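All values reported here derive from a predicted model rather than from experimental measurement.
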Amino acid sequence: MDLEPLPRSFYARPVLVVARAAIGQWLVHRTRAGTVAGRIVETEAYRGPEDRAAHSHGGRRTARTASMFGPPGHAYVFFVYGLHHHFNLVTGAEGEPHAVLVRAVEPLLGLELMAARRGVPADRVTLTNGPGKLCQAFAIDREHDGRDLCAGDLFLAAGARWPVERSARIGVQYAGSWAERPWRFFARANRYVSRPRGGTLRQP
DNA sequence: TGAATGATTTACT
DNA sequence: GTAAATCATTCAA
C-alpha cells in the first residue's frame, strides 16, 4: 500500500467534519528506527475559543497553544501530567484555534517497534488505546509540535471507510454543557477504542 | 518568584 | 476504587 500524506484540503474543513473523517485514516510515522502505522479509531474535537475544554478557549494564545492558531494540516502536540504527550491535528482556517485530538489507534505496521517503545507485548490493546499511549508507541513528542503533516515523516494517509459512532468527550466533564456535545468520534466494534476512565482495563 | 494543576496512565489496596 | 507519578505551563503577586 502506498502511504502518501493526505492533502491540506483534508484538514482545511470544520473541526467536527475532520474529527469524523479522520476515523479510519492511517497515522504514519517514519523514523530512523523504522516505520509505524495504525488506523485512527478514536478522535475528539476541541473548538476554541468558545469551547471551555480547549486550551485555546477564550482565544488564549500562548507559547504552548501557538500551533493551534496556525495553518491547518499541522500538528499540535502538548505535554501533560508530567509524563504524557497528546497529538492533535490543526484544522479549519489559520487563526482559528480548532484541533482534533487523536485518542486511539489500531496498530497495523511496526508492532514490534511500538511494543519496544511501550514496554508491553505487541498483542495487547494497551499498546495504543489511549492518547498518551499512542504518542509513546509512535514516538511523538514536543519535537513534533507545529510540524507540517502534509510534508514530512509524520502524516495521515488514506485508509478504508469505517462505521463511526459518536459520544460525549472523555476527561473534560468540567466543561459543563459543552461536554454534553457529542464531539468524540470512534470506530464501531474496534477493540482499540479507549475505555472511559475509572473502569479497570482488563486484558483479553 | 512561587504555587497550582492538567484533553492520563499505571500500580496498588 | 483510589492514589501516585511528575513537570511544563499558567496565573497571581
Side-chain angles (χ1 to χ4, degrees), chain A residues 11 15-16 18-20 22-23 27 38 40-70 74-92 96-105 107 114-147 166-186 191-204:
Chain A
Y11 304 95
V15 65
L16 288 169
V18 179
R20 190 192 185 291
I23 302 293
L27 174 63
I40 295 174
V41 297
E42 183 176 350
T43 62
E44 283 180 1
Y46 284 85
R47 200 165 70 172
E50 75 271 19
D51 180 0
R52 198 164 140 249
H55 292 155
S56 56
H57 84 89
R60 298 205 53 75
R61 183 174 196 148
T62 64
R64 178 173 65 156
T65 63
S67 49
M68 231 177 144
F69 287 80
H74 287 243
Y76 169 45
V77 180
F78 63 91
F79 186 61
V80 271
Y81 298 117
L83 349 144
H84 304 296
H85 298 278
H86 284 195
F87 171 65
N88 297 252
L89 317 170
V90 177
T91 71
E96 193 179 44
H98 295 181
V100 172
L101 169 69
V102 178
R103 287 189 56 90
V105 160
M114 294 190 204
R117 287 168 175 163
R118 290 274 299 126
V120 304
D123 60 350
R124 302 293 174 84
V125 295
T126 52
L127 200 59
T128 54
N129 72 338
K133 300 177 206 177
L134 79 87
C135 282
Q136 188 179 22
F138 276 71
I140 296 172
D141 57 32
R142 276 179 314 237
E143 293 283 301
H144 301 92
D145 184 43
R147 200 70 74 84
R166 53 195 299 182
S167 77
R169 293 176 296 181
I170 293 178
V172 292
Q173 288 77 8
Y174 64 85
S177 64
W178 284 104
E180 301 299 320
R181 309 234 167 183
W183 285 0
R184 170 174 176 256
F185 299 83
F186 57 98
R191 66 201 207 99
Y192 286 92
V193 172
S194 75
R195 310 251 338 219
R197 253 185 305 175
T200 304
L201 205 51
R202 224 170 267 291
Q203 291 308 318

What is the separation between atom [atom1] on [X] and atom [atom2] on [N], rounded to the nearest whole Å?
X: A:Ile170; N: B:dA7; atom1: CD1; atom2: C1'; value: 10 Å
X: A:His84; N: C:dT9; atom1: NE2; atom2: P; value: 17 Å
X: A:Ile140; N: B:dA7; atom1: CD1; atom2: P; value: 18 Å
X: A:Leu134; N: B:dT9; atom1: CG; atom2: C1'; value: 13 Å
X: A:Gln136; N: B:dT8; atom1: CD; atom2: P; value: 16 Å
X: A:His55; N: B:dT8; atom1: NE2; atom2: P; value: 9 Å
X: A:Asn129; N: B:dT9; atom1: CG; atom2: P; value: 8 Å
X: A:Glu44; N: B:dT8; atom1: CD; atom2: C1'; value: 12 Å

When both distances are under 3.5 Å in a Watson-Crick or G-U wobble arrangement, the nucleotide paired with B:dA11 is C:dT2
Beyond-backbone contact of A:Val120 with A:Leu127, side-chain heavy atoms, under 4.5 angstrom: yes
Is there a donor-acceptor pair closer than 3.5 Å between any side-chain N or O of A:Thr91 and the backbone N or O of A:Val18? no
Indicate yes or no for a side-chain donor-acceptor contact from A:Arg184 to the backbone of A:Arg169 under 3.5 Å, with no hydrogens or angles considered. no
C1' atoms of B:dA7 and C:dG1, separation to the nearest Å: 23 Å
[N] phosphate, OP1 or OP2, under 4.0 Å from [X] side-chain N/O:
X: A:Arg60; N: C:dC11; value: yes
X: A:Thr62; N: C:dT10; value: yes
X: A:Arg103; N: B:dT8; value: yes
X: A:His86; N: B:dT8; value: no
X: A:Arg118; N: B:dT10; value: yes

Taking NZ, NE, NH1 and NH2 as the nitrogens, is one of them in A:Arg103 or A:Glu44 under 4.0 Å from a carboxylate oxygen of the other? yes
So, A:Phe78 versus A:His55, ring centres under 6.0 angstrom or not? yes
Answer yes or no for this row: A:Phe79 ring on C:dA8 base, centroids under 5.5 Å, planes under 30°. no
Considering only B:dA7, B:dT9, C:dA8, which nucleotide approaches the side chain of A:Leu101 most closely? B:dA7
Nearest to the side chain of A:Arg64 - C:dT9, B:dT8, B:dT10? C:dT9
